[in-house]
Amino acid sequence: MSWGFLRDLLSGVNKYSTGVGRIWVAVVFMFRLLVYVAAAENIWKYEHDEFECNIKQPGCENVCFDHFFPVSHIRLWALQLIMVSTPSLLVVFHVAYRENREKRHNQKLYRNPGEIDGGLLCTYLISLILKTGFEIVFLVLFYKLYNGFKIPHLVKCDIRPCPSTVDCYISKPTEKMIFLYFLVATSCLCIILNLSELSYLILKYSLKCYLKRNMKKQQ
């Protein structure tokens, strides 16, 4: 899978982000996207082929694998990366709208089309809320689907057509668990960064409005 579009998106968003937002972009690009492409994708590449049960009953292995891994970790991570990055398109589209509006009217309508104020501030806040929401939803989804953030060495399966309870073994569970914890930790870090940026922007805007009111009262 080519991740060029996501890299270009993150590069574009970086131009219109605050300091905290740039840290978020760096974490997503360096500690999530690059780790996913360089290492995690290869570790889970043959997860189904390397899943073995101690019985060769036709269909037993497939049923057990589907029961314990209803959705591939790697595909769910890919979907998570896409979903948490796409809300940033709202900001890019809003800036493009401002720039096109200035071209149509052939005059300067904004001090800087990429400056986070007015309607663009609302768009930016909405994108932060959506990104945080997606991160939390996917963490809960991971937890529910796999009964916690863990990779067991051995799973016991008694689902038909298995004739009895069979032992099934997962390949490289320790290595997979390390990357699982790493990706969960970076996801939590992104939530903290999003909430910090959200709080910072709301506080900054509230303070700005308060100072404006005081100035009007004094005048």
Side-chain angles (χ1 to χ4, degrees), residues 1 3 5-14 16-41 43-44 47 66-95 116 119-152 170 173 175-206:
M1 181 176 181
W3 290 96
F5 80 98
L6 197 55
R7 180 198 59 209
D8 295 338
L9 169 61
L10 294 174
S11 300
V13 171
N14 200 43
Y16 313 121
S17 299
T18 64
V20 180
R22 291 188 179 95
I23 296 173
W24 177 85
V25 170
V27 170
V28 171
F29 183 72
M30 294 179 66
F31 296 104
R32 296 181 74 175
L33 183 57
L34 289 183
V35 168
Y36 175 91
V37 173
E41 195 171 23
I43 292 171
W44 271 272
E47 57 182 331
D66 186 62
H67 176 73
F68 290 105
F69 300 101
V71 182
S72 170
H73 280 77
I74 209 68
R75 292 186 183 93
L76 204 55
W77 277 324
L79 183 61
Q80 182 184 16
L81 275 172
I82 292 168
M83 293 301 290
V84 300
S85 301
T86 46
S88 300
L89 279 172
L90 295 173
V91 179
V92 176
F93 288 154
H94 198 137
V95 174
I116 302 174
L120 186 59
L121 175 64
C122 293
T123 303
Y124 200 93
L125 293 176
I126 290 170
S127 74
L128 287 174
I129 292 168
L130 287 174
K131 286 189 286 189
T132 306
F134 283 134
E135 293 280 16
I136 293 170
V137 166
F138 273 96
L139 283 177
V140 172
L141 192 60
F142 267 106
Y143 190 87
K144 292 289 186 182
L145 282 174
Y146 306 116
N147 296 317
F149 302 115
K150 58 186 178 182
I151 305 290
I170 299 167
E175 189 176 17
K176 288 178 178 177
M177 193 176 295
I178 289 169
F179 278 96
L180 176 62
Y181 286 159
F182 178 82
L183 291 169
V184 168
T186 51
S187 184
C188 291
L189 177 60
C190 285
I191 291 173
I192 293 169
L193 289 171
N194 286 333
L195 291 175
S196 300
E197 190 176 15
L198 188 65
S199 303
Y200 165 75
L201 288 172
I202 291 173
L203 184 63
K204 182 182 176 182
Y205 181 73
S206 301

Notebook entry, point to check: Nearest 0.5 Å, what's the NE2-CG distance between His94 and Leu121?
Noted result: 10.0 Å
Note to self: What verdict does the side-chain contact (heavy atoms from CB on, under 4.5 Å) test give for Tyr124 and Glu197, after you've listed the backbone C-alpha separation in whole Å, the side-chain angles of each residue and the deciding distance to 0.1 Å?
What the structure shows: CA-CA 10 Å; Tyr124 200 93; Glu197 190 176 15; 2.5 Å; yes
Next item on the list: Flag the pair Asn194 / Val84 as yes when at least one side-chain heavy-atom distance between them is below 4.5 Å, and no otherwise.
Entry: no
Check: At their closest point, which heavy atom of Ser127 faces which heavy atom of Pro87, and how far apart are they?
Finding: CB-O, 3.4 Å
Next item on the list: Say whether, by atom type as modelled, one donor and one acceptor occur between the side chain of Ser187 and the main chain of Val184 under 3.5 angstrom.
Entry: no
Note to self: Is the ring pair Tyr146/Phe69 parallel, tilted or perpendicular, if the boundaries are 30 and 60 degrees?
What the structure shows: tilted
Item checked: Euclidean distance, Leu125 CG relative to Leu90 CG, rounded to 0.5 Å -> 12.0 Å
Notebook entry, point to check: For the residue pair Glu135 and Ile191, what are the closest heavy atoms and their distance?
Noted result: CB-CG1, 3.5 Å
Notebook entry, point to check: About how many Å separate CD1 of Ile129 and CG of Leu195, when rounded to the nearest 0.5 Å?
Noted result: 10.0 Å
Next item on the list: Could you please spell out the steps behind the side-chain contact (heavy atoms from CB on, under 4.5 Å) verdict for Phe93 and Thr123?
Entry: CA-CA 10 Å; Phe93 288 154; Thr123 303; over 6 Å; no
Checklist line | Full working for side-chain contact (heavy atoms from CB on, under 4.5 Å) between Trp24 and Lys131 | finding: CA-CA 11 Å; Trp24 177 85; Lys131 286 189 286 189; 3.5 Å; yes
Checklist line | Heavy-atom pair of closest approach, residues Arg32 and Leu81 | finding: CB-CD2, 3.9 Å
Note to self: Looking only at the aromatic ring of each residue, does the gap between the centers of Trp77 and Phe142 stay below 6.0 angstrom?
What the structure shows: yes
Checklist line | Verdict with supporting geometry, Val71 and Leu141, side-chain contact (heavy atoms from CB on, under 4.5 Å) | finding: CA-CA 10 Å; Val71 182; Leu141 192 60; over 6 Å; no
Check: Is the count of non-hydrogen atoms from other residues, nucleotides or ligands lying under 6.0 Å from Phe149 atom CZ greater than 12?
Finding: yes
Checklist line | Contact summary for Cys190 and Val28, nearest pair of heavy atoms | finding: SG-CG2, 3.9 Å
Next item on the list: Measure the CD1-CG distance between Ile126 and Leu198 for me, rounded to the nearest 0.5 Å.
Entry: 11.0 Å
Next item on the list: Measure the CD-CG distance between Gln80 and Leu139 for me, rounded to the nearest 0.5 Å.
Entry: 6.0 Å
Margin query: Tell me the closest heavy-atom pair linking Pro152 and Ile170, and the distance in Å.
Written below: O-CD1, 3.3 Å
Next item on the list: Starting at CD1 of Ile23, measure out to CG of Leu189 and round the result to the nearest 0.5 Å.
Entry: 9.0 Å
